[in-house]
Amino acid sequence: MCGIVGILGSHPVSQDLVDALRRLEYRGYDSAGIATVENGHLERRRAEGKLRNLEQRLLEDPLQGMTGIGHTRWATHGKPTESNAHPHMSDTVSVVHNGIIENFRTLREDLAGKGHVFDSDTDTEAVVHLITEELNNCDDPVQAVREAIAKLEGAFAVGIVFAGHDDLMIAARKGSPLAIGHGNEAMYLGSDAIALAPFTDEITYLEEGDMAVLRRAGAEIFDKDGLPVKRPAIRSQVSSFLVDKGNHRHFMAKEIHEQPEVISQTLSHYIDMAEGRVDYPDLGIDLSDLTRVTISACGTAYYAGLVGKYWIERFARVPVEIDVASELRYREAPLPAGGLALFVSQSGETADTLAVLRYCRAQGQRIASIVNVRTSTIARESDVVLPTLAGPEIGVASTKAFTCQLAALAGLTLLIGRARGTISPELEQELVQGLLEVPRHMAEIMADETQYEHLAHDLSKARDVLYLGRGINYPLALEGALKLKEISYIHAEGYAAGELKHGPIALIDENVPVIVVAPEDELHDKTVSNVQEVAARGGKIILISNGADDAAGCELMAHIQVPDAHPFSHPILYAVPIQLIAYHTAVFMGTDVDQPRNLAKSVTVE
Ligand code: F6R
């Protein structure tokens, strides 16, 4: 993770570096720092914690250089202290880094033996001293970086500036994303195009193994074999305006409330309204003959994929293998020829998901991805991209991206089922109609949030919370628990309702709230039986359901009522109450809702 920026400008760049870092804070916010070349020397300012601390430091002690690099950190090696904050530097070289240098220990020992003194616990500092050592040997920054990079193992995107070189910045990438921005007598570097949007919309994405030598007049790019290469400059569509919170207190609240609109947009993208059927891009594979779908993703996106498994298996009758990407990437799972591999990712940059994509490609799978960022690495490496139209998601806890992923997966289910003849035109129309009602029902759920505010008082006292769901509502239970724990820091677990009696029921007492996702579907009665088991042991039940159902007479701590809707749309709709429960509990507890501790929005390390 971490965000990096670099500017070769025509005026002091420190404020522009900070502005660019603000757009990258979603990648980490443990510390921030910038370094510039001033009168031939390297100068830096760093601060622990959020970017505002660095801004304060710069007010007290400004930087004047017109060439500089900046970094916002998500700590991997070493605590989030100022001494571990980037940029790291020697007298001659300063480096910002996103990724993990896996052989840093060996490099450190070797360099320490040669007299280099380290003053941080980071892997990145080994890169600084390695380049410095090479520079001592050859006195050529480009050659020094080339030699140093050849010795690095792991994943990295780096930006490097040098004392005595005001018109030079070197960038390199392997495994972590990096974009170059072209300006007028100015050049820019950033982890993504969003960071560079205020300065330029002319962007070149570096490819795996590329190294770029930037000067104000332009960039030279070399591929992984060191050969000069041309990479296209594209016009980025990313808006230069910082997305704001509107009338909401947090980005998360705004993004929850945007769902009726962005779900409509995503559905409109995939549905032919006149015909009442789905309309997808050609996946380039014979869906009628599909033998298997392999889905992989992380976190919330994985839970979206899990809902996709239930849908595709039930309605399209194709076996679906699904695993979290960090497991699938090392499992060496056999994948039958002719399969479809599907990746779900908001950012499109998640390192584990990308690694599985590459594994699946090597196994001859057709690669499709559901992504929210169309210029992302996962999108660019896919055969077919199925975009979600959620718009930028700033809150670290995913909300609108999740429901838009579900909308895209629901449509994909219909596409596969139609091709395989398991979904008739009539059924397709009925299910499409069900989906089209989702935005309206979502708005109804959000019309009054007082119930969630009241519930937050009680939930905030809990040490543990359990979520239960059965069938297609099981992934919702998992997602509900994830949402609550990541923003309120209350321990929460999601279970398949039927699993309760196989262990977790031991946890139930009058202090453990149990949140049950139980729409009135064909499994409802079975879930209610599990609710009875909880009630019999004094557990406090919060039921999320439609209708006047009172869980067969059990005493409920709360009954969150959801409008009647087509069962096909339940997972999308029931996502909203679980988001609101987590949101209001976190607000009540006073946590940092949009930037919860230890997390980052884009996870580009293993
Ligand atoms: C949780 C959350 C994460 C992400 C996960 C995958 O609220 O947002 O679990 O879903 O890190 O990220 P993407 O979707 O960018 O691949």
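As the structure lists them, so they are numbered: ligands from 1, and atoms in each ligand from 1.
Of the residues E258, Q579, E255, the one that meets the side-chain hydrogen bond (donor to acceptor under 3.5 Å, both in side chains) test with K400 is E258. Of the residues listed (Q405, E393, Q346), the one engaging N372 in a side-chain hydrogen bond (donor to acceptor under 3.5 Å, both in side chains) is Q346, and it is the only one.
Taking every non-hydrogen atom of A397 and a distance limit under 4.0 Å, the qualifying atoms of ligand 1 come out as 7 (O). Near K483, meaning under 4.0 Å from any of its heavy atoms, are these atoms of ligand 1: 1 (C), 7 (O). Those atoms of ligand 1 that come under 4.0 Å of a heavy atom in A301, given as number and element, are 10 (O), 14 (O). Listed by atom number, the atoms of ligand 1 under 4.0 Å from E486 heavy atoms are 1 (C), 7 (O).
Contacts between E349 and ligand 1 below 4.0 angstrom, taking non-hydrogen atoms only, are absent altogether. Only the side chain of T350 comes within 4.0 Å of ligand 1, judged by heavy-atom distances.
What sits closest to atom 11 (O) of ligand 1 on the protein, heavy atoms only, is V603 CG2, 3.9 Å. Scanning the protein for heavy atoms near atom 14 (O) of ligand 1, the closest one is Q346 N, 2.6 Å. Protein heavy atom nearest atom 15 (O) of ligand 1, with residue, atom name and distance: S347 OG, 2.6 Å. Atom 3 (C) of ligand 1 has as its closest protein heavy atom T300 N, 4.0 Å.
Aromatic ring centroids of F402 and Y303 lie 6.0 Å or more apart. Between F568 and W311, a ring centre-to-centre spacing shorter than 6.0 Å is recorded.
Proximity of V396 to ligand 1 is established by a heavy-atom distance of less than 4.0 Å.
A donor-acceptor pair shorter than 3.5 Å cannot be found between the side chains of D352 and T350.
When the shell of 6.0 Å around CD of E48 is examined, it contains more than 12 heavy atoms from other residues, nucleotides or ligands. Remark: R463 CZ is loosely packed, at most 12 non-hydrogen atoms of other residues, nucleotides or ligands lying under 6.0 Å away.
Comparing C298, A401, G299 by heavy-atom distance to atom 6 (C) of ligand 1, the nearest is C298.
Separation of atoms CG (D594) and CD1 (I394) is listed at 9.0 Å; rounding is to 0.5 Å.
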